[in-house]
Amino acid sequence: MTSNALLHGKKILVTGAARGLGLAFSEAIAQAGARVVMADILLDLVTEEATKLQQQGLQVHAVALDLAQAESITSAVQFTVAQLGGLDGLVNCAALATGVGGKDLTEYDPELWDRVMTVNVKGTWLMVKACTPYLKQSRAGKIVNVASDTALWGAPKLMAYVASKGAIISMTRSMARELGEFNICVNTLSPGLTLVEATEYVPEERHRLYVTGRAIQRQQHPDDLNGTALYLLSDLASFVTGQNIPVNGGFVFN
């Protein structure tokens, strides 16, 4: 990796890194010159994926992370700082998405609602809370919270997920206000419906709706989001904070 790589020398933690967007982000960030810790509740899988990237010469490590357990969050962050010698960036990608849709608001299970909020909202906040002391030391910290464009257009029969992602967008703005004095930038990246494992349950009609409703009429892939994530983690975005950036081929305009 050349010294002029976009993220050369940066130390980045990516959650939800075993598959889908988190895995794509981890690989792209490492290829851009950063050292990366890949965190996921699926420890065997994230370890396997990290090993593959290590075999490509990329500097990555794997760690277990359960966003529903505060002690797991603390442990993952401590591992990250120990492995990397500090922390410059956090990508909050982990979320509960599979199997959370299909029922209208009168049918929704309150227990599922609570589970989604615990993982997606509280978990995102606790990750930022745990990482903030180390990001302050960086003096140029970057946080990218991954939301969803469903929160911008109000996708039906997906109430808890939509609400959780809307909360992330709002929390990001508050975090940006609070952390700006420490030169920490906090932004939201809101993907459209992307072809990953977590969206395999989505009805085909919803996939068609997204394709036909986009300005760029094709399916969205994980690699479509990498450029924006890299930019937000880089020094190029050092005066960008509190923003929500939809990346969805023009399905929703912000």
Side-chain angles (χ1 to χ4, degrees), residues 14-16 19-25 28 67 90-105 108 113 116-117 119-121 123-125 127-128 142-176 185-233 237 240-254:
V14 181
T15 73
R19 57 189 181 183
L21 292 180
L23 177 57
F25 289 150
L67 286 181
L90 166 66
V91 181
N92 266 319
C93 192
L96 187 61
T98 303
V100 301
K103 296 181 180 180
D104 67 34
L105 63 89
Y108 221 92
W113 174 281
V116 171
M117 293 300 167
V119 173
N120 295 8
V121 182
T124 294
W125 161 55
M127 281 300 307
V128 172
K142 303 291 192 299
I143 298 172
V144 179
N145 293 324
V146 179
S148 167
D149 75 349
T150 57
L152 304 178
W153 70 275
K157 296 190 175 182
L158 198 60
M159 182 67 73
Y161 182 79
V162 171
S164 74
K165 293 303 186 177
I168 288 173
I169 293 170
S170 296
M171 286 196 309
T172 294
R173 293 168 179 155
S174 184
M175 291 172 178
C185 297
V186 192
N187 292 287
T188 308
L189 174 57
S190 289
L193 185 63
T194 308
L195 294 181
V196 295
E197 293 88 347
T199 60
E200 291 177 350
Y201 74 94
V202 176
E204 182 60 32
E205 63 186 47
R206 181 66 61 83
H207 281 279
R208 286 196 299 268
L209 169 67
Y210 259 96
V211 171
T212 59
R214 286 176 172 138
I216 301 174
Q217 295 190 352
R218 65 166 174 81
Q219 296 279 14
Q220 180 165 346
H221 302 277
D223 288 350
D224 292 321
L225 294 139
N226 287 343
T228 305
L230 294 177
Y231 165 71
L232 291 174
L233 290 167
V240 179
T241 195
Q243 304 304 312
N244 176 48
I245 303 179
V247 180
N248 57 20
F251 186 78
V252 173
F253 298 143
N254 199 22

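Since the model is a prediction, treat every value here as computed from it, not as a measurement. These values consider heavy atoms only, across backbone and side chains, with no hydrogens, waters or symmetry-generated copies.
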Subject >> Listed partners of Ile216 passing side chain to side chain contact (heavy atoms under 4.5 Å, CB included), at least two apart >> reply: Arg218

Original post:
If you count the non-hydrogen atoms of other residues, nucleotides and ligands that lie under 6.0 Å from CE in Met159, is the total more than 12?
Top reply: no

Original post:
Does the side chain of Trp153 reach to within under 4.5 Å of the side chain of Asn248, using non-hydrogen atoms?
Top reply: no

Subject >> Heavy-atom closest contact (Val119 atom, Leu96 atom, distance) >> reply: CG1-N, 3.8 Å

**OP:** Output the distance between atom SG (Cys93) and atom CE (Met127), rounded to the nearest 0.5 Å.
**Re:** 11.5 Å

**OP:** Calculate, to the nearest 0.5 Å, the distance between atoms CD1 and CG belonging to Ile245 and Asp149 respectively.
**Re:** 14.0 Å

**OP:** Report yes if some heavy atom in the side chain of Asp104 is under 4.5 Å from a heavy atom in the side chain of Pro156; otherwise report no.
**Re:** no

**OP:** Look up atom CD1 in Ile169 and atom OG1 in Thr188, then write down how far apart they are to the nearest 0.5 Å.
**Re:** 6.0 Å

**OP:** Taking Thr241 for its side chain and Ala176 for its backbone only, find out whether a donor-acceptor pair lies under 3.5 Å.
**Re:** no

Original post:
Is there a side-chain contact between Leu193 and His207, using heavy atoms and a 4.5 Å cut-off?
Top reply: yes

Original post:
Can you check side-chain contact (heavy atoms from CB on, under 4.5 Å) on Val146 and Thr124, steps first, answer last?
Top reply: CA-CA 9 Å; Val146 179; Thr124 294; over 6 Å; no

Original post:
Going from CZ on Phe253 to CG on Leu152, what distance comes out if it is rounded to the nearest 0.5 angstrom?
Top reply: 12.5 Å

**OP:** Can you sort out the partners of Asn244 under side chain to side chain donor-acceptor pair (under 3.5 Å), two or more places apart, ordered by chain and number?
**Re:** Ser190

**OP:** Just jot down the side chain to side chain donor-acceptor pair (under 3.5 Å) partners of Thr150, sequence neighbours excluded, or say none.
**Re:** Ser148

**OP:** Return the minimal non-hydrogen interatomic distance between Ala167 and Val121, and the atom names on each side.
**Re:** CB-CG2, 3.9 Å

Original post:
Would you call Val247 and Pro191 a side-chain contact if the rule is heavy atoms closer than 4.5 Å?
Top reply: no

Original post:
Is the closest side-chain heavy-atom distance between Phe25 and Val144 below 4.5 Å?
Top reply: no

Original post:
Among Val186, Val91, Asn187, whose side chain to side chain contact (heavy atoms under 4.5 Å, CB included) with Asn145 holds?
Top reply: Val186

Original post:
How close do Arg206 and Ala155 get, heavy atom to heavy atom, and via which atoms?
Top reply: NH1-CB, 3.8 Å

**OP:** Flag the pair Leu67 / Asn120 as yes when at least one side-chain heavy-atom distance between them is below 4.5 Å, and no otherwise.
**Re:** no

**OP:** Kindly say whether Val162 contributes a backbone atom to a donor-acceptor pair with the side chain of Ser164 at under 3.5 angstrom?
**Re:** no

Original post:
Which heavy atom in Asp223 sits nearest to a heavy atom in Ala24, and how many Å separate them?
Top reply: OD1-CB, 4.4 Å

Original post:
Tyr108: what forms a ring pair (Phe, Tyr, Trp, His ring centres under 6.0 Å) with it, not counting sequence neighbours?
Top reply: none

Original post:
Excluding sequence neighbours, so at least two apart, what forms side chain to side chain donor-acceptor pair (under 3.5 Å) with Tyr231?
Top reply: none

**OP:** Look up atom CG in Leu189 and atom OG1 in Thr172, then write down how far apart they are to the nearest 0.5 Å.
**Re:** 10.5 Å

Subject >> Pairwise side-chain contact, Leu225 with Gln220, heavy-atom cut-off 4.5 Å (strictly under) >> reply: yes

Original post:
Do the non-hydrogen side-chain atoms of Thr194 and Asp224 ever get within less than 4.5 Å of each other?
Top reply: no

Original post:
Residues in side chain to side chain contact (heavy atoms under 4.5 Å, CB included) with Leu23, at least two apart?
Top reply: Met38, Glu49

**OP:** Compare every heavy atom of Ala95 with every heavy atom of Lys165, then report the nearest pair and how far apart it is.
**Re:** NZ-CB, 3.5 Å

Original post:
Which pair of non-hydrogen atoms, one from Ala163 and one from Trp113, has the smallest distance, and what is that distance?
Top reply: CB-CH2, 3.8 Å

